[in-house]
Asker: 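Got a structure for you, questions after.
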Amino acid sequence: MTTITALDAAVLEELVSAAVAAPSMHNTQPWRFRLEPRTHTVEIRAALDRELRAEDPEGRGLHVSVGAAAFNLRLAVAHRGWEPVLRLLPDPHEPQLLASVRLTGRSSSAAGTRARDLYDQIWRRHSSRQPFSPQAIPRALRAELVDAAHTEGALLHLPDLDESRRLLALTREAEVRTTTDRARREESRRWVRPPAATGFGIPPEALGPQDAAGHVPMRDFTSLQPSTRLPSLPFEPRPQVAVLSTAHDRRADWLRAGLALQHVLLLATRDQVRTSLLHQAIEWPDLRWMLRDTRNGPEHVQMLIRLGYGPDGPTTPRAAASSTVD
Ligand SMILES: Cc1cc2nc3c(=O)[nH]c(=O)nc-3n(C[C@H](O)[C@H](O)[C@H](O)COP(=O)(O)O)c2cc1C
């Protein structure tokens, strides 16, 4: 095990590389990392220069993205054999400091082994925007995903087909609104770009087709530009959707949703289950409110996760660690 005194630039880079492999809205990677050497703490701040002003004006998606990165950072610290102590919004005087992970003493070997299994999935997880097969997600995995979200302070529901169709209809409505809203449409187009230049944004190869049957409203990042659109394909007729929500709707809840999201995605990846995210309806307050299943009480939906078996998604590049570490 590396001692904490050996926490040097190379180790920090390893930890940050794991953190930035997390999903982020439009691959904006809206985070900056800094090591506080005195307390052995890695701090994560919001990178406000990469905010999505039109589609994410409150910063909800930014917080979810940073929460996912914080999950990976905590996991990478545990994988290295240290005990991580995660704090969300640790300094009320510094609102842009969203999370910190302090490295404390040696962790138990059981914790290290658990961390290793999940840590390996960090590099295997990619959004897969292709059609999935009709194969159902096993009951045991579904239960494990629900527990994982709960461990992170969030809630996960796997609704029945009728409820899933209702949620997807709201997502379709959001998709229509977004693609006909000039500011939002242009913002998402701007983030689809060849990766070589900066390492930020989504490469066109990572995008998928639209559903020919209209069951699954995938996000149209290129917004109806016929020249860049792939031919539509039939998607799974019985989509399997998980609803991630939180009991409250404050910034700390958005971060917790990000922790839970990443925990769920990594467990799914471990079992060869592919995932992609459907966030469109969350970006419209009235539709987000309608996503709630009133039978479960007044929860706040933070993400729809599409799950299934199918082709792995391609790797979407990340910016060099040097451009996100202070
Ligand atoms: C808050 C948030 C919202 C997202 N919304 C969508 C979405 O609506 N549609 C989609 O296909 N991907 C969505 N994504 C996935 C990102 O586009 C993806 O994580 C990013 O491009 C990096 O690619 P990767 O997941 O393959 O590593 C979202 C991710 C986050 C964290």
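In each ligand, atom 1 is the first atom listed, and ligand 1 is the first ligand listed. Side-chain atoms are counted along with the backbone in the values below, which use heavy atoms only and exclude waters and symmetry mates.
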Asker: Just checking R34: does its CZ atom have more than 12 heavy atoms from other residues, nucleotides or ligands closer to it than 6.0 angstrom?
Answerer: yes

Asker: Is a salt bridge present between E186 and R182, judged by a nitrogen-to-oxygen distance below 4.0 Å?
Answerer: yes

Asker: Which residue pairs pass the side-chain hydrogen bond (donor to acceptor under 3.5 Å, both in side chains) test when at least one of the two sits in residues 65-74, sequence neighbours left out?
Answerer: N72-Q262, R74-E152

Asker: If you look at every heavy atom in R288 and I282, which pair is closest and at what distance?
Answerer: CD-O, 3.1 Å

Asker: Let me know which protein residues bring a heavy atom to under 4.0 Å of ligand 1; chain then number is fine for ordering.
Answerer: P23, S24, M25, H26, N27, G61, S65, R125, H126, S127, R129, I202, R219, F221, L277, H279, Q280, M303, T316, R318

Asker: Mind checking whether W31 and F33 have parallel, tilted or perpendicular rings, split at 30° and 60°?
Answerer: tilted

Asker: Which of parallel (below 30°), tilted (30 to 60°) and perpendicular (above 60°) describes H63 and W254?
Answerer: perpendicular

